[in-house]
Amino acid sequence: MNISIKKLTKTYGKKTSLTDLSFQLEEHKIYGLLGRNGAGKTTLMHIIAGHILPTTGTVKLNNENPFNNRKLLENICLINETDNFPTTLKVKEVLKTASLFYPNWCARTSQSLLKEFKLDETVKVKALSKGMVSSLGIIIGLASRAAITIFDEPYIGLDAAMRARFYEILLEEYEAHPRTIILSTHLIDEVSNLFEEVLILQEGELVLQMTTDELKERSMMIHGKSEDVRTFTQGKNVLSEKEFMGQLTAVLYGENYNFADAKRLGLSVEQVHIQDLMIHLTSNKGGVVA
Ligand SMILES: Nc1ncnc2c1ncn2[C@@H]1O[C@H](COP(=O)(O)OP(=O)(O)OP(=O)(O)O)[C@@H](O)[C@H]1O
């Protein structure tokens, strides 16, 4: 299912959460929705999932408005970081309810993930640990097989090993049953190899939408003698510089850089991690987002 957002703005009283967003998401892709605290990610995901209305502008999923659209909502699953389930229900009751709502529900996936995450079906949600609640959310998100599956920081309380397993299972499920997945996370480096495309929000505005491959090609981190680095960076878009004892490290963004050129000058060259790029691009000192 494709997603088309046009001139979308969301305000709460005097507070503007999203400003004039326009972009398209294709079906069968994994998107990373990134941005600092308060950038507007959760608000945007709730609008896409049809939970809230934009103040102005439109959101269309396969040309239909999701708000109050029961038929469409059966194909969208949004898993929040918390408060997903009624606390008085047992795990199996939560899963039963979800299975009735999502027409593509896969009971086999649900059962195998219950075992994987060692979740006891007979326990009430209020007795689950934070990590177990996250596991339950992940099970529902994956078993729903919803055409649009959105995870908003779904890993609270999960340890590193469990998170790694979640990413593996997400990829396996996606490969077996492609769908549009939007994943919002602050642990970017853990998952950036999953993203096919990245969107970065800053203070409610979309500052970048790009494939991860292109993002990597258009950025580089170089290190070496300050004067050599400066020779290389002259006229280029420098996102950040750090100097220490005559050595300079600079992050560049904007062109398809040729790593060999920098190496010829004796500079060491590395690819910039997406997490670092996001931080530089959304810092007030950041360079121009080309
Ligand atoms: N119901 C609301 N009423 C008033 N302001 C809101 C409401 N929901 C969100 N906001 C404001 O909108 C802005 C964007 O919030 P949002 O939760 O969408 O950001 P976020 O990128 O998901 O942040 P985080 O990474 O911290 O979860 C924030 O300034 C927030 O205070």
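Atoms within a ligand are numbered from 1 in the order they appear, just like the ligands themselves.
Both the backbone and the side chain of K41 come within contact range of ligand 1, each with a heavy atom under 4.0 Å.
Of all the atoms in ligand 1, the ones that sit under 4.0 Å from a non-hydrogen atom of R36 are 21 (O). Ligand-side atoms of ligand 1 in range of A39: 19 (O), 20 (P), 21 (O), range being under 4.0 angstrom from any heavy atom.
The stretch residues 121-132 participates, sequence neighbours left out, in these side-chain hydrogen bond (donor to acceptor under 3.5 Å, both in side chains) pairs: D120-T122.
For K29 and E197, the salt-bridge test passes: some basic side-chain N is under 4.0 Å from an acidic carboxylate O. Between E255 and K236 no salt bridge is recorded (no basic side-chain N to carboxylate O distance below 4.0 Å). Classification of E243 and R230 as a salt-bridged pair holds, one side-chain N sitting under 4.0 Å from a carboxylate O. Salt-bridge annotation for R70 and E74: present, with a side-chain N of the basic residue lying under 4.0 Å from a carboxylate O of the acidic one.
The single protein non-hydrogen atom nearest to atom 11 (C) of ligand 1 is S17 OG, 3.5 Å, given as residue, atom name and distance. Looking from atom 19 (O) of ligand 1 to the surrounding protein, the closest heavy atom is G40 N, 3.2 Å. Looking only at heavy atoms of the protein, atom 16 (P) of ligand 1 is closest to T43 OG1, 3.6 Å. Annotation: atom 26 (O) of ligand 1 to nearest protein heavy atom, N37 ND2, 2.9 Å. From the protein, the heavy atom lying nearest to atom 31 (O) of ligand 1 is K15 CE, 4.7 Å. Regarding atom 27 (O) of ligand 1, its nearest protein heavy-atom neighbour is T42 OG1, 4.0 Å. Closest to atom 6 (C) of ligand 1 among all protein heavy atoms lies Y12 CD1, 3.4 Å. Scanning the protein for heavy atoms near atom 14 (C) of ligand 1, the closest one is G38 O, 3.4 Å.
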Can I get a per-line list of side-chain donor-acceptor pairs under 3.5 Å for residues 263-275, giving both atom names and the distance, sequence neighbours left out?
residue: R264; atom: NH2; partner: D261; partner atom: OD1; Å: 2.5
residue: S268; atom: OG; partner: H223; partner atom: O; Å: 3.4
residue: H273; atom: ND1; partner: D189; partner atom: OD2; Å: 3.3
residue: Q275; atom: OE1; partner: I188; partner atom: N; Å: 2.9
residue: Q275; atom: OE1; partner: D189; partner atom: N; Å: 3.3

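Side-chain atoms of E196 and Y31 include no donor-acceptor pair closer than 3.5 Å. Side-chain atoms of T149 and Y174 include no donor-acceptor pair closer than 3.5 Å.
For the ligand labelled ligand 1, residue K10 lies outside the 4.0 Å heavy-atom shell. In this structure, G35 has no heavy atom closer than 4.0 Å to ligand 1. In this structure, H186 is part of the shell of residues with a heavy atom less than 4.0 angstrom from ligand 1.
In this structure, the side chains of T249 and F244 stay at 4.5 Å or more apart for every pair of heavy atoms.
Per-atom contact check: atom 24 (P) of ligand 1 touches the protein, criterion being a heavy-atom distance below 4.0 Å. Distance check on atom 9 (C) of ligand 1: some protein heavy atom falls below the 4.0 Å cut-off.
Seen from the ring of Y12, K10 counts as a face-on cation partner, given the 6.0 Å and 45° thresholds.
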